[in-house]
Number of protein chains: 2
Amino acid sequence: MNYDEAKNKFISTWGSLGSLWGINKAMAQIHALLLVSPEPMSMEDIMEELKISRGNTSMNLRQLMDWGIVFKENKMGERKEYFTSEKDVQELARQIAKERSRRELKPTIKILKDVSNIDEDGTAKTKELIKQTKALHEMADTLDIMMNKVVGQDHNWITKALVKLIK
Amino acid sequence: MNYDEAKNKFISTWGSLGSLWGINKAMAQIHALLLVSPEPMSMEDIMEELKISRGNTSMNLRQLMDWGIVFKENKMGERKEYFTSEKDVQELARQIAKERSRRELKPTIKILKDVSNIDEDGTAKTKELIKQTKALHEMADTLDIMMNKVVGQDHNWITKALVKLIK
DNA sequence: CTAAACTTTCAAAAAATATTGAAAGATATT
DNA sequence: AATATCTTTCAATATTTTTTGAAAGTTTAG
């Protein structure tokens, strides 16, 4: 496998993996491209490499910046904007954990809490609904605490956490 | 909020959350419905409650069984098939972790390994590709080991893991 | 102020994904 | 073996999501 094959394979794999962490293909591919590019890239560069339209590139770059994993850079004397990705994969993981907690986990926890707090009326179905949503609430809450813990951790948290888990 | 409102809210929340763990809306809603139903449900029952077609119900039930989180049950003297969900949420989490490792993480790890093993040719772009995919490979591998560790853990692993992390 | 260089927006089109429902397939019952 | 009961399949359809590209917007330079 040569460089170009390897790069394309990585970009397309990362692209289809996007759905795994809740982003679309183009967004994930742009991210992959920037992640392995030694130099910041312009919108033009990205459009060209991935064969996607200007509008698409613009929108997805914005979203990546909203996620806090891609940044604008300005080259001196140049009008054009350049983009880079967060290069430290652990920082990347932390940022993603933080955003997913905020966007998905926290809102879900709130709903689970509300649902599990309905009045107990003695029927089996109400009991079951309360019981199961309570259990999910607890689990989601624990997961959220863990994820936020991770966000405040030093760079090698994953390895350390692993060591602790395996004991 | 009364029982029906709460139940519907839970089902629709769980449904839209499906994409979070990589399954479609109908599948997630069927799962939610079974999770809070005190009794096994027939295909008829499910179609009725969720207002979805027979074909849709059949296909999604099959997938849920493939994930190992929904089971067939037979009532004595009845021809019809009934379905129940795994009720223990920790077992549910374990099963999901296991399947996602198998379906998504492991294949990705393999590709990252291949890509990061291309020949170093001294150029900056090749160096960067190797460096970044190696880092991702290491992280994905660690995550996979953690997830599989979790799969073999006892019922309160989440709480225990949390305690360890917080120290 | 006006033009040039670049970016963003958004309605329309395309692509991807999910859903339906009727026919075919099972399996049990008479 | 014919019928009844129930499930699965899959081509057609509907829905949702993504992408495009041209117009509008913004910023800098002259």
Side-chain angles (χ1 to χ4, degrees), chain A residues 11-34 39-67 70-84 103-104, chain B residues 11-34 39-67 70-84 103-104:
Chain A
I11 289 173
S12 82
T13 304
W14 208 241
S16 49
L17 224 67
S19 58
L20 202 149
W21 46 289
I23 68 176
N24 74 33
K25 201 181 69 172
M27 193 170 152
Q29 289 190 339
I30 293 173
H31 177 249
L33 181 59
L34 292 175
E39 296 299 326
M41 298 181 77
S42 69
M43 216 157 86
E44 218 61 60
D45 297 336
I46 297 169
M47 287 166 59
E48 162 107 357
E49 278 242 32
L50 301 178
K51 310 267 186 265
I52 58 178
S53 72
R54 187 175 299 285
N56 201 358
T57 308
S58 170
M59 282 175 134
N60 285 307
L61 276 171
R62 170 125 70 93
Q63 289 205 77
L64 285 165
M65 291 188 285
D66 290 346
W67 272 79
V70 160
F71 316 104
K72 255 185 203 160
E73 266 190 30
N74 284 69
K75 287 195 180 173
M76 300 177 318
E78 284 221 54
R79 185 76 166 281
K80 227 181 291 187
E81 293 175 328
Y82 285 82
F83 301 89
T84 13
R103 293 170 192 230
E104 295 155 359
Chain B
I11 290 173
S12 80
T13 303
W14 208 241
S16 48
L17 226 66
S19 58
L20 203 149
W21 45 291
I23 68 176
N24 73 34
K25 201 181 70 174
M27 192 171 153
Q29 289 189 342
I30 293 173
H31 177 248
L33 181 58
L34 293 175
E39 296 298 326
M41 298 181 76
S42 69
M43 216 157 84
E44 221 57 64
D45 296 337
I46 296 169
M47 286 166 61
E48 162 106 355
E49 277 243 30
L50 300 179
K51 310 267 185 268
I52 58 179
S53 72
R54 186 174 300 283
N56 201 0
T57 308
S58 170
M59 284 176 132
N60 287 118
L61 276 172
R62 171 125 69 95
Q63 290 206 75
L64 285 164
M65 290 188 285
D66 289 346
W67 272 81
V70 161
F71 316 104
K72 253 183 203 164
E73 266 191 29
N74 283 68
K75 287 195 181 174
M76 301 175 318
E78 284 222 54
R79 185 79 167 278
K80 226 181 295 187
E81 294 175 326
Y82 286 81
F83 301 89
T84 15
R103 293 169 192 229
E104 294 155 359

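Below, chain A is the first sequence line, B the second, and so on; all start at residue 1.
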Excluding sequence neighbours, so at least two apart, what forms side-chain hydrogen bond (donor to acceptor under 3.5 Å, both in side chains) with [X]?
X: A:Lys75; result: none
X: A:Glu48; result: none
X: A:Ser12; result: none
X: A:Ser42; result: A:Asp45

Rounded distance (Å) that lies between atom [atom2] of [N] and atom [atom1] of [X]:
X: A:Arg62; N: D:dT18; atom1: CZ; atom2: P; value: 16 Å
X: B:Ile46; N: C:dT19; atom1: CD1; atom2: P; value: 14 Å
X: A:Asn24; N: C:dA14; atom1: CG; atom2: C1'; value: 15 Å
X: B:Ile52; N: C:dG21; atom1: CD1; atom2: C1'; value: 14 Å
X: A:Ile23; N: D:dT18; atom1: CD1; atom2: C1'; value: 14 Å
X: A:Glu48; N: D:dT20; atom1: CD; atom2: C1'; value: 17 Å
X: A:Leu50; N: D:dT18; atom1: CG; atom2: P; value: 16 Å
X: A:Lys51; N: C:dA15; atom1: NZ; atom2: C1'; value: 20 Å

Between the protein and nucleotides 11-15 of chain D, list every N/O to N/O distance that falls short of 3.5 Å.
none

On DNA chain D, check which nucleotide each of B:Met65 and A:Met27 is closest to and give me the residue with the more 5' one.
-> B:Met65
Have a look at A:Glu44 and say if it touches a base, only the backbone sugar-phosphate, or nothing, with a 4.0 Å heavy-atom cut-off.
-> nothing
Map A:Lys72 and B:Asn60 onto DNA chain C by nearest heavy atom, then report which one ends up closer to the 5' terminus.
-> A:Lys72
Please figure out whether A:Lys80 or B:Thr57 has its closest DNA chain C nucleotide nearer the 5' end.
-> A:Lys80
In B/S/- notation (B base, S sugar-phosphate only, - none; protein heavy atoms under 4.0 Å), nucleotides 22-30 of chain C written 5' to 3' is -----BS--
With sequence neighbours left out, the residues meeting side chain to side chain contact (heavy atoms under 4.5 Å, CB included) with A:Arg79 are none
Donor-acceptor contacts, no H, no angles, side chain residues 53-63 of chain A, under 3.5 Å, sequence neighbours left out:
residue: A:Ser53; atom: OG; partner: A:Asn56; partner atom: N; Å: 3.2
residue: A:Arg54; atom: NH2; partner: A:Glu44; partner atom: OE1; Å: 3.3
residue: A:Arg54; atom: NH2; partner: A:Glu44; partner atom: OE2; Å: 3.3
residue: A:Asn56; atom: OD1; partner: A:Asn60; partner atom: ND2; Å: 2.7
residue: A:Thr57; atom: OG1; partner: A:Ser53; partner atom: O; Å: 2.7
residue: A:Asn60; atom: ND2; partner: A:Asn56; partner atom: O; Å: 3.1

N/O donor to acceptor pairs below 3.5 angstrom from side-chain atoms of residues 24-31 of chain B, sequence neighbours left out:
residue: B:Asn24; atom: OD1; partner: B:Ala26; partner atom: N; Å: 3.2
residue: B:Asn24; atom: OD1; partner: B:Met27; partner atom: N; Å: 2.9
residue: B:His31; atom: ND1; partner: B:Trp14; partner atom: NE1; Å: 3.2

From C:dT19, D:dT20, C:dT8, nucleotide with atom closest to A:Ser58 side chain | C:dT8
A:Glu39 vs A:Tyr82 side-chain heavy atoms within contact, under 4.5 Å | no
Taking the side chain as every heavy atom from C-beta outward, state whether A:Ile23 and A:Trp67 have any atom pair closer than 4.5 Å.
-> yes
